[in-house]
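Naming: A, B, ... by sequence-line order, numbering from 1 per chain. Note that these values count all heavy atoms, side chains included, but never hydrogens, waters or copies made by symmetry.
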Protein chains: 2
Amino acid sequence: MENNQLKLENQICFKIYSAEREITKLYRNLLEELDVTYPQYLVLLVLWEEKSVTVKELGQKLFLDSGTLSPMLKRMEGNNLIDRRRSLEDERTVIISLTKKGEDLKNKAQCIPSKLLENLSLDMKELKSLNQTLSSILNRIQQKI
Amino acid sequence: MENNQLKLENQICFKIYSAEREITKLYRNLLEELDVTYPQYLVLLVLWEEKSVTVKELGQKLFLDSGTLSPMLKRMEGNNLIDRRRSLEDERTVIISLTKKGEDLKNKAQCIPSKLLENLSLDMKELKSLNQTLSSILNRIQQKI
DNA sequence: TAAAATTTAATTGTGCACAATTTATTTTAT
DNA sequence: ATAAAATAAATTGTGCACAATTAAATTTTA
């Protein structure tokens, strides 16, 4: 009896795993000029929208915990991209905000989304269906956890 | 002027990045019983198909380099899942094969693919389109590199 | 055939990612 | 008011992931 279920080529999740890493490599090239990693770029995306957020809020938006965020934010602070300060109302929470340098990086980043989509060269139909499918996967999984 | 391109919610790649990690978490639960990580499970999938492969071949199949594979394979050897030996014909190459324990793990793994798909609860149509889109993304990216 | 180039793994160093624990603070329940 | 519970972030420890370098073996080429 064949064992197709356990064949690598039939693993849909292996494709997601591989695609994620290949796409991150594409980002790496584009982000080199900004001198940030892809996860750091995600933090910047949030801050370009929100001005300031707590570590907890960042974690909720990016699905990352403090074990990942704390050292990463420390590195970003070291690179002068963000400021970190304790909230005055609640000394437990840490508020993250952009420095001038982090703020200014937004201009350089404007071209990144379109350049990346160009590299992927998906047509509109594929893009839409991929978007929908991933969203529904994420919704389903997150409900279970 | 709005800046929709840089909004987090519009980042298709963020969804792939998030989905990859959420799916890996689902695997983590299923793989706990086998006492292997997801990347180690991928190595096992290859070996259950092939009996023995070189580190280079593994890297080509999984899109991983020796910097990732060498220490991981050493851990798997330490857990008695695989054997590593230098090829006699070409002393540069290292041949990876399953131990009895690694071989036997295949039985326990039989249920994993179906359990995982159940967790994702995608319908056939979604699964097919996701599969196609990811394959074409992977093809396109890999041609560029 | 000996030197140069190539190939294969391993190593080194950096940066996530996450489970589990710890520390400090705030909230709640007595 | 205070002890217990809950919350937020940091820390610790393990395991990828990858760029860059190194070391050893093989192949190519002059």
Side-chain angles (χ1 to χ4, degrees), chain A residues 14 17-29 31-32 34-44 53-79 81-82 84-96 145, chain B residues 14 17-29 31-32 34-44 53-60 62-79 81-82 84-96 141 145:
Chain A
F14 173 58
Y17 163 79
S18 307
E20 191 278 327
R21 287 184 299 118
E22 295 299 327
I23 291 171
T24 302
K25 280 181 201 164
L26 293 179
Y27 269 111
R28 198 169 292 130
N29 296 330
L31 293 173
E32 203 169 359
L34 312 200
D35 195 29
V36 295
T37 65
Y38 180 63
Q40 289 175 15
Y41 170 70
L42 294 178
V43 170
L44 291 178
V53 284
T54 66
V55 172
K56 189 194 174 192
E57 288 165 343
L58 255 185
Q60 285 167 339
K61 283 172 193 293
L62 302 181
F63 311 113
L64 293 170
D65 67 7
S66 67
T68 302
L69 286 173
S70 287
M72 188 169 97
L73 294 170
K74 220 173 266 182
R75 280 188 290 274
M76 294 179 76
E77 189 185 35
N79 290 336
L81 294 171
I82 59 168
R84 300 190 310 150
R85 62 184 159 78
R86 292 268 163 191
S87 161
L88 295 178
E89 301 92 60
D90 185 341
E91 290 277 353
R92 288 172 304 182
T93 71
V94 168
I95 297 170
I96 307 296
I145 294 172
Chain B
F14 173 58
Y17 164 78
S18 307
E20 191 278 326
R21 287 185 300 118
E22 295 300 327
I23 291 172
T24 302
K25 279 181 202 164
L26 293 180
Y27 269 110
R28 199 168 292 130
N29 296 330
L31 294 174
E32 203 168 0
L34 311 201
D35 196 29
V36 295
T37 65
Y38 180 63
Q40 289 174 16
Y41 170 69
L42 294 178
V43 170
L44 291 178
V53 284
T54 66
V55 173
K56 189 194 174 190
E57 287 165 344
L58 256 185
Q60 285 168 340
L62 303 180
F63 310 114
L64 292 170
D65 68 8
S66 68
T68 301
L69 287 173
S70 287
M72 189 167 98
L73 294 170
K74 219 174 268 183
R75 278 188 291 275
M76 294 180 76
E77 188 184 36
N79 290 337
L81 295 171
I82 60 168
R84 300 190 310 149
R85 59 183 159 80
R86 292 269 163 190
S87 163
L88 295 178
E89 300 94 58
D90 185 341
E91 288 278 351
R92 288 172 304 181
T93 72
V94 168
I95 297 171
I96 307 296
I141 297 181
I145 292 169

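Regarding A:Asp65, its CG atom lies at a distance of 13 Å from the P atom of C:dC16, rounded to whole Å. In this structure, B:Gln40 atom CD and D:dA17 atom C1' are separated by 14 Å, rounded to whole Å. Rounded to an integer number of Å, the gap from CZ of A:Phe14 to C1' of D:dA17 is 14 Å. For the pair A:Arg28 CZ and D:dA20 C1', the interatomic distance rounds to 13 Å; values are reported in whole Å. Atoms CZ (B:Arg92) and C1' (C:dA5) sit 12 Å apart, rounded to a whole Å. A straight line from CG of A:Leu69 to P of D:dA10 spans 9 Å, rounded to a whole angstrom. Protein atom OH of A:Tyr38 is 16 Å distant from nucleotide atom P of D:dA17, rounded to whole Å. Per the geometry, CZ belonging to B:Phe63 stands 19 Å off P belonging to D:dC16, to the nearest Å.
Within 3.5 Å, no donor on the side chain of A:Ser66 pairs with an acceptor on the base of D:dA8, nor the reverse. At a cut-off of 3.5 angstrom, the base of C:dA9 holds no donor-acceptor pair with the side chain of B:Ser70.
Sequence order on DNA chain D of the closest nucleotides to A:Lys74 and B:Leu88 puts A:Lys74 first from the 5' end. Map A:Glu89 and A:Gly67 each onto its nearest nucleotide of DNA chain C; the residue landing nearer the 5' end is A:Gly67. Residues A:Asp90 and B:Val55 each lie close to DNA chain C; by heavy-atom proximity, the contact nearer the 5' end of the strand is made by B:Val55. Position along DNA chain D of the nearest nucleotide to B:Thr68 versus A:Thr93 favours A:Thr93 as the more 5'-ward residue.
Side-chain atoms of A:Asn29 do not come within 3.5 Å of backbone N or O of A:Glu32 as any donor-acceptor pair.
Closest to the side chain of B:Thr37, from the set D:dT26, C:dA10, D:dC16, is D:dC16. Distance from the side chain of B:Arg86 is smallest to C:dA10 among C:dC18, C:dA10, C:dT25. Relative to the side chain of B:Leu64, the nucleotides D:dA17, C:dA9, C:dT27 differ in distance, and D:dA17 lies closest.
Using a 4.0 Å heavy-atom distance criterion, A:Thr24 is classed as making no nucleic acid contact.
Within the 4.5 Å cutoff, the side chain of B:Arg21 has heavy atoms near those of the A:Leu64 side chain. With a 4.5 Å cut-off on side-chain heavy atoms, B:Phe14 and A:Tyr41 do not count as touching. Side-chain atoms of A:Lys61 and A:Leu58, non-hydrogen and from C-beta on, never get closer than 4.5 Å to each other.
The side chain of A:Tyr17 places no N or O atom within less than 4.0 Å of a non-bridging phosphate oxygen (OP1 or OP2) of D:dC16. The shortest distance between the side-chain N/O atoms of A:Arg84 and the OP1/OP2 oxygens of D:dA10 is below 4.0 Å.
Results of the side chain to side chain contact (heavy atoms under 4.5 Å, CB included) test with B:Met76 over B:Ile96, B:Val36, B:Leu44 single out B:Leu44 as the only residue that passes.
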